[in-house]
Amino acid sequence: MLKLNSCLIANGAFELHANLYVEAGNSVAVIGPSGAGKSTLLEAIAGFREISQGQLFWKEGELTKQVPGKRPIAMLFQDGNLFPHLTAAQNVALGLRPNGRLSKPEQEQVTAALSRVGLAAMGERKPAELSGGQQSRVALARVLVQHRDLLLLDEPFAALGPALKAEMLDLVAELIAETGTTLLMVSHDPQDARRITNKAILVADGSAHPPAETQQLLDNPPQALREYLG
Amino acid sequence: MARSAQPVSSLPGVAAAFLVAALILGTLAAVALRAEAGHGFSSSDWAALKFTLTQAVLSAVISVALAVPVARALARRRFPGRSLLIALLGAPFILPVIVAILGLLQVFGRAGWISDVLVYFGASPIRIYGLHGVVVAHVFFNLPLATRLILQGWQEIPSERFRLAAQLGCDGKALFRLIELPMLARILPGALAVIFAICLTSFAIALTLGGGPRATTIELAIYQAFTYDFDLGRAALLSALQLTLTAAAAFAALKLSRGEGFGAGLDRAIRRWDGGAPVADAFWILLATFFLLLPLSAVVLSGLSGLFLVPFIVLKAALVSVAVAAASTVILLLFALPMAAAVAVRRHSVVELVGILGLAASPLVIGTGLFIIIRPWANPSDLALPVTALVNAAMALPFALRILVPAARDTVSRHGRLALSLNMEGWVFFSRVLIPRMRPQIGFAAGLAAALSMGDLGVITLFADPEIATLPLQIYRLMGAYKMQAAAGGALLLLVLSMALFWILDRGGRWHAEA
């Protein structure tokens with residue numbers, strides 16, 4: 001279980017309070033008005049923002065002071081998820097070893113991960129030679145080999161068209177179901193949230209609320225969410 | 001500690017900055033300790049100060065005054081070869097001074113092309129040695145720089161302004177006052193200050209075209225105090241004076257200018273609706289082109305005939321120079337890359353201060369200091385080449401940092417989070433992300449450093465004995481012995497080698513580089 005114990009995340013004058021937990025294995029949407037702090041919440045969990053008060057736990061371990069790379073977390077950002085000077089396979093390899101030097105079995109893992117996301121023959125290509133959807137698949141292949149307990153998505157598919165985005169979300173749903181990964185996903189689009197999450201955290205008015213059933217939250221939105229959804 | 005997590009440590013860069021500061025300030029201290037008390041300024045010291053200031057002011061004012069109409073013409077005209085000409089304006093930065101001087105002598109010298117024409121019509125030939133020769137050479141080097149700085153100002157005026165002015169029927173003088181004068185008022189002080197600061201530390205030009213009691217810069221006076229009289233006290237006093245002057249000028253230049261100078265996108269011509277003066281524009285563009293190209297073609301022409309006559313000693317010096325340039329480039333990168341990474345991760349005043357210090361430092365002062373430090377331990381001339389490589393690297397450092405720091409900042413901000421989330425830190429991030437992403441800028445900086453070192457005629461003059469010489473020094477010695485044909489052949493070789501080193505490194509950096 002991921003637990004945010006009376007956390008305060010400060011970003012300049014902006015403050016976000018979070019006192020909630022997420023059961024392991026859940027898929028959770030993070031929804032709310034623009035600028036409410038959805039990305040801030042994910043960045044704090046991933047370790048890119050300081051949690052100035054409170055503690056962050058995953059299972060028994062405290063993560064509050066751990067550096068991002070040591071946390072049991074894989075994260076995909078809005079953009080810049082691949083290094084443009086490395087090939088697809090090299091980008092995936094970084095999920096296993098930060099220095100990119102792989103043993104034979106590890107190389108096979110990379111190949112397997114690339115085939116799993118449907119890019120079996122594309123390992124030698126650089127990101128510029130891949131379409132937007134294929135680039136997202138490479139990033140997901142890296143998430144696969146990382147074997148982290150938690151996956152955080154900060155709208156990595158926002159630049160894709162609606163059909164392609166739906167395809168990627170379905171792929172994410174399949175992958176996390178296969179691996180038992182816990183998902184936290186920022187979303188602007190209620191359809192995305194309904195598509196692959198069962199729970200949703202509402203971030204509004206300076207606090208992140210405990211997860212509720214996605215279906216119920218979207219069907220009967222509280223005031224702050226209703227204004228946003230329109 | 002999550003907030004301050006960074007993919008690279010800034011420690012190596014800060015350490016590098018301290019080493020550079022120690023080199024610049026330590027050598028100054030070594031010189032200062034030798035300065036004898038009660039050793040006041042002599043009249044020739046005052047004359048050197050006066051000449052230094054006079055020639056720097058004249059060079060800056062003339063360069064900028066000529067650059068305004070040239071930049072204006074380039075900003076509003078489109079013609080074939082325009083972008084080539086603008087690229088050519090960047091060339092003097094890496095052009096070896098001795099090459100330019102040979103070219104200028106052949107055009108403006110006593111036996112030069114213009115003198116030939118004058119003599120034909122019964123006039124007396126030009127005398128290039130002295131104040132006006134020094135100023136002509138400085139204008140040759142700095143007119144292109146001033147043109148680029150001012151052209152950048154013109155390019156940054158939004159074209160909507162010109163459209164609005166055209167709509168209002170505003171052209172000629174009115175347009176100039178409305179749009180262009182405010183821009184010039186903003187750009188010119190910086191351009192003047194930068195060129196003034198550059199001309200203050202002029203050594204090689206003063207060495208070859210100046211000299212004598214009435215045309216000696218402080219830098220040249222340090223050299224003379226050192227080599228002719230071996231008067232370390234006087235060299236020290238002059239060094240202190242020089243450093244005060246250059247530090248003040250560099251500070252003023254940084255305050256007044258907005259940097260750039262390597263600005264991209266200068267080959268874009270702005271659409272304008274006022275007719276301008278086509279004839280005047282053509283005149284200025286042709287004048288600038290000839291002023292730049294004539295001396296260079298003179299070097300190429302006379303060099304071609306001398307190239308196969310160059311003595312073996314010139315070829316040996318060429319090999320020495322390539323080795324020194326390579327070593328200097330490696331030293332530069334070893335210092336500049338960690339420093340750029342440190343600045344990219346966090347603001348470090350010591351690193352940025354060293355960048356400014358490097359602009360103010362005088363190679364002759366560093367050289368004098370190193371000589372004093374080395375002499376009790378070893379024969380300084382045995383270390384002439386390593387010292388030259390080191391000092392050249394220190395002189396290229398401020399330029400390299402200006403090229404590398406923005407790229408390092410950009411790389412850290414674009415890829416830092418992803419790298420951290422993948423646990424790529426320290427050396428892994430440096431070697432796998434930072435270096436590959438900065439390759440084009442590293443190539444450019446390395447190319448500049450190699451070409452600057454290749455063409456440098458400065459500290460080597462303090463250290464070299466008759467057995468050792470870099471190519472520029474060898475050419476200078478040939479000129480001193482009136483072996484002009486061999487000197488011209490050597491100059492062409494030097495020109496080709498400098499440009500080739502720059503081209504290979506710059507090209508190599510951009511080769512297959514992904515956006």
Side-chain angles (χ1 to χ4, degrees), chain A residues 9-12 39 42-52 56 63-87 90-101 125-129 139 142-143 145-146 148 150-152 154 156, chain B residues 1-11 337 340-341 344-347 404 406-446 506-515:
Chain A
I9 305 150
N11 180 16
S39 295
L42 259 63
E43 284 168 0
I45 296 172
F48 294 110
R49 256 181 221 296
E50 196 172 17
I51 296 177
S52 30
L56 174 69
L63 306 181
T64 324
K65 298 288 178 196
Q66 269 189 5
V67 298
K70 302 283 186 203
R71 299 187 184 203
I73 292 171
M75 181 162 178
L76 294 185
F77 309 98
Q78 275 191 11
D79 48 26
N81 286 305
L82 300 177
F83 291 110
H85 60 287
L86 302 178
T87 64
Q90 285 171 329
N91 267 293
V92 176
L94 293 176
L96 285 165
R97 300 229 168 254
N99 65 12
R101 296 203 191 98
R125 296 207 190 170
K126 289 192 175 172
E129 301 161 313
R142 190 182 58 219
V143 169
V145 302
Q146 278 184 282
R148 300 285 169 92
L150 277 154
L151 173 59
L152 309 187
D154 189 3
Chain B
M1 297 299 98
R3 190 181 53 180
S4 60
Q6 291 288 357
V8 273
S9 161
S10 50
L11 272 181
L337 287 173
V345 166
R346 212 165 289 146
R347 287 188 74 83
L404 295 175
R409 278 213 177 102
D410 184 54
T411 306
V412 168
S413 75
R414 274 174 63 187
H415 304 296
R417 285 198 313 179
L418 175 59
L420 280 175
S421 82
L422 295 170
N423 213 7
M424 299 172 80
E425 283 179 81
W427 174 248
V428 172
F429 181 79
F430 190 75
S431 62
R432 297 265 307 172
V433 181
L434 203 58
I435 301 290
R437 296 304 299 155
M438 290 170 63
R439 222 180 59 195
Q441 289 76 24
I442 293 173
F444 183 43
D506 183 42
R507 233 9 251 214
R510 285 183 284 130
W511 189 256
H512 284 304
E514 307 79 15

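On a predicted model such as this, the values are computed, not experimentally measured, just so you know. Lettering of chains follows the sequences in order, A, B, ..., and the numbering in each one begins at 1.
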Validation: residues 421-429 of chain B side-chain donor-acceptor distances under 3.5 Å, sequence neighbours left out:
residue  : atom : partner  : partner atom : Å
B:Ser421 : OG   : B:Leu418 : O            : 2.9

### Message
With heavy-atom distances below 4.5 Å as the criterion, would you say the side chains of B:Arg417 and A:Pro68 are in contact?
### Response
no
### Task
Specify which of A:Asn99, A:Leu82, A:Asp79 makes the most heavy-atom pairs with chain B at under 4.5 Å.
A:Asn99
### Query
Which residues satisfy the side chain to side chain donor-acceptor pair (under 3.5 Å) test with B:Arg432, sequence neighbours excluded?
none
### Message
Please rank A:Arg148, A:Arg97, A:Arg142 by heavy-atom pairs under 4.5 Å with chain B and give me the top one.
### Response
A:Arg142
### Query
Tell me, side chain or backbone of A:Leu76 under 4.5 Å from chain B's heavy atoms, or both, or neither?
neither
### Message
Distance check, rounded to the nearest 0.5 Å: B:Arg439 atom CZ versus A:His85 atom NE2?
### Response
10.0 Å
